[in-house]
Number of protein chains: 2
Amino acid sequence: MPKDTFFNLPDEKKQRVIDAAIDEFAERSYHDARVTAIADQAGIAKGSFYQYFEDKEDLFRYIIDMIAEKKLAYIDQDLLENIEAHTFFEVLRELYASGIRFAQEDPRLMAIGMQLASNQALYYGISIDYMEQSYEFFRALLEKGMDAGELDPAIDINIASRLLTMVGYSSLELIFEDGKLDQDDMAIVDDIIYIMKNGLKSKAER
Amino acid sequence: MPKDTFFNLPDEKKQRVIDAAIDEFAERSYHDARVTAIADQAGIAKGSFYQYFEDKEDLFRYIIDMIAEKKLAYIDQDLLENIEAHTFFEVLRELYASGIRFAQEDPRLMAIGMQLASNQALYYGISIDYMEQSYEFFRALLEKGMDAGELDPAIDINIASRLLTMVGYSSLELIFEDGKLDQDDMAIVDDIIYIMKNGLKSKAER
DNA sequence: GGGCCATATGAATATCCGGTCATATGAATC
DNA sequence: GATTCATATGACCGGATATTCATATGGCCC
């Protein structure tokens, strides 16, 4: 947790520090990110940094928590509250779509999130929780879909929940491959959903 | 390329260096991996390290190439040579299965491979076209499967090839979460193949 | 003005690491 | 035993970085 000194800062200055940190962590891994660069870009003295945060990790965790919170906010709240009124695949589509909206809004946050998601080994304690949360969410969603008869009962829910988490991240990687985002992105999501829904097998062979 | 001095080493000593390197690169990212730690663990002087390799990157590439080669060897060669005689899903199953056999044999090699595959951004300057190769392979496989009428023609081959690559890696991550899943590893592969083949949708709704 | 307190500062410190180099070793050859 | 050559060694250098600390600043209350 950042120190009181940080929270007491004028909003504008606080924001400068947060912005500088996001820039640095988006460009470099946690270990390679430099406190000096963050302080410089924020226009504060290096010493001040340590008046605000215990250490580098303190800031990193703060930023990660902020990203997680922000990402959650991109999911259509109305849909989340009336989840019963939607089909499994509608909800899945909205989840993947919200990931894309989030990435479009601030690619830096996505870059940080992807690092965390894809390289857990490097961030032992820090990332596991968020992954776990995602599994839990998908598990609940899959169970509901199964109860409603929407899903094939032969599916293993544990495996499917992990698969859907990974596929969600894959979609973001796919979309970011060319470096730019455009309206075709939703088409990619729909292609992915199509595969997850119907499988690869030709209809003739079913 | 390592220097001649390295290749002239007695096998036992060579192996000690390789083992130490694998341990270090499995635990830390390329940038965080320490030449000193590798030399120490291998029981050689730091100076000797530079008699064997140009620099850290030289050793890293050597290890990566070794892993790629080893991984390829885990794929059933007979199946690869007679690929025409097998269905798409048979080949897919064997590919995923070989990944698992490889990971079981030496988890350290998998850890290094996963790092590379999932986060090339961390290795600025060291571009390794590992992933691209996998896409290409899956693309060719998908095209063949589509020509044979095994696959749904509505599938986007580019997207599917990336998805299959990612899902392959997901399966490895899945089997590494021991204790959470009470099935044996090949059963996990079969569950994943089932989903990729048939999709999540219930048969009643098709 | 003077005392108090939170905050700001950046030079200094401590640590770590990749890579170099002068020197040592030891085996083979004559 | 002298010479040569490949190999081994670890102290050392240069650079980078996180963190500390003594000092300075500036607002606030009396």
Side-chain angles (χ1 to χ4, degrees), chain A residues 1-64 115 122-126, chain B residues 1-64 115 122-126:
Chain A
M1 272 277 282
K3 300 178 181 176
D4 285 342
T5 323
F6 177 69
F7 292 114
N8 292 340
L9 248 35
D11 283 349
E12 190 271 335
K13 192 169 186 178
K14 222 182 321 187
Q15 200 52 49
R16 264 183 6 237
V17 175
I18 290 172
D19 255 357
I22 289 174
D23 275 349
E24 184 72 2
F25 286 128
E27 260 174 45
R28 296 166 170 256
S29 73
Y30 169 70
H31 286 290
D32 282 351
R34 299 151 304 176
V35 169
T36 308
I38 294 170
D40 284 355
Q41 199 193 310
I44 61 169
K46 213 161 27 155
S48 298
F49 180 92
Y50 289 91
Q51 303 274 32
Y52 305 154
F53 306 98
E54 299 293 342
D55 51 26
K56 189 164 81 165
E57 185 177 331
D58 188 30
L59 166 63
F60 189 65
R61 285 181 185 273
Y62 176 70
I63 297 289
I64 294 295
Q115 265 189 51
L122 287 183
Y123 305 98
Y124 318 90
I126 302 181
Chain B
M1 272 278 284
K3 299 177 182 176
D4 285 342
T5 321
F6 177 68
F7 292 114
N8 293 340
L9 248 34
D11 283 350
E12 190 270 336
K13 192 169 187 176
K14 222 182 321 187
Q15 200 51 51
R16 265 187 1 241
V17 174
I18 291 172
D19 255 357
I22 290 174
D23 275 349
E24 183 71 3
F25 287 128
E27 259 174 46
R28 296 166 171 257
S29 74
Y30 169 71
H31 282 291
D32 284 350
R34 300 151 304 176
V35 170
T36 308
I38 294 170
D40 283 355
Q41 200 194 310
I44 61 170
K46 201 156 51 151
S48 299
F49 180 94
Y50 290 92
Q51 304 273 31
Y52 305 154
F53 306 98
E54 299 293 342
D55 49 27
K56 187 164 83 163
E57 183 178 332
D58 188 29
L59 167 63
F60 187 65
R61 284 183 187 276
Y62 176 68
I63 296 289
I64 293 297
Q115 269 188 50
L122 279 183
Y123 304 94
Y124 355 133
I126 306 184

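Numbered from 1 within each chain, the chains take letters A, B, ... in sequence-line order. Any value given below was found using the heavy atoms of this structure, including those in side chains, with hydrogens, waters and symmetry copies removed.
In terms of position on DNA chain C, the residue among A37(B) and L9(A) whose nearest nucleotide sits closer to the 5' end is L9(A). When the nearest nucleotides of DNA chain D are assigned to G47(A) and R34(A) by heavy-atom distance, the more 5′-ward of the two goes with R34(A). Nearer the 5' end of DNA chain D, as judged by each residue's closest nucleotide, is the contact made by Q51(B), out of V35(A) and Q51(B).
Contact annotation: T5(A) does not reach the phosphate of dA6(C) (side-chain N/O to OP1 or OP2, under 4.0 Å).
If you check distances only, the side chain of K56(B) never reaches the base of dG19(C) with a donor-acceptor pair under 3.5 Å. Contact annotation: side chain of K46(A) to base of dT19(D), donor-acceptor pair present below 3.5 Å.
Rounded to whole Å, atom P of dA18(D) lies 13 Å from atom CD1 of I44(A). Going from atom CG of L59(A) over to atom C1' of dA18(D) covers 13 Å, rounded to whole Å. Computed from coordinates, the N8(B) CG to dA27(C) P distance equals 16 Å when rounded to whole Å. Distance, Y50(A) OH to dT23(D) P: 22 Å, rounded to whole Å. Rounded to an integer number of Å, the gap from F6(B) CZ to dA8(D) C1' is 16 Å. Here the P atom of nucleotide dC5(D) and the NZ atom of K3(B) are 19 Å apart, to the nearest Å. The CG atom of D58(A) sits 14 Å away from the C1' atom of dT19(D) (whole-angstrom rounding). One atom, CZ of F7(B), and another, P of dA6(D), lie 18 Å apart when rounded to the nearest Å.
Counting any heavy atom pair closer than 4.0 Å across all strands shown, A33(A) reaches sugar-phosphate atoms only and no base atom. Y52(A) comes within contact range of the sugar-phosphate backbone alone, with a heavy-atom separation under 4.0 Å but no base atom that close. Counting non-hydrogen atoms under 4.0 angstrom, K13(B) reaches the backbone sugars and phosphates but no base. When heavy atoms are screened at a 4.0 angstrom cut-off, S48(B) is found touching base atoms of the nucleic acid.
Salt-bridge formation is not detected for the pair R16(B)/D19(B): no Lys NZ or Arg NE/NH1/NH2 atom is positioned less than 4.0 Å from an Asp or Glu carboxylate oxygen.
Residues E54(A) and M1(A) come closest through the heavy atom pair CG-O, 4.2 Å.
Here D32(B) contributes atom CG and F25(B) contributes atom CZ; the two are 11.0 Å apart, rounded to the nearest 0.5 Å. Here NZ of K3(A) is found 10.0 Å from OH of Y50(A). Values are rounded to the nearest 0.5 Å. Atoms CZ and NZ, on F49(A) and K56(A) in that order, are 9.0 Å from each other to the nearest 0.5 Å.
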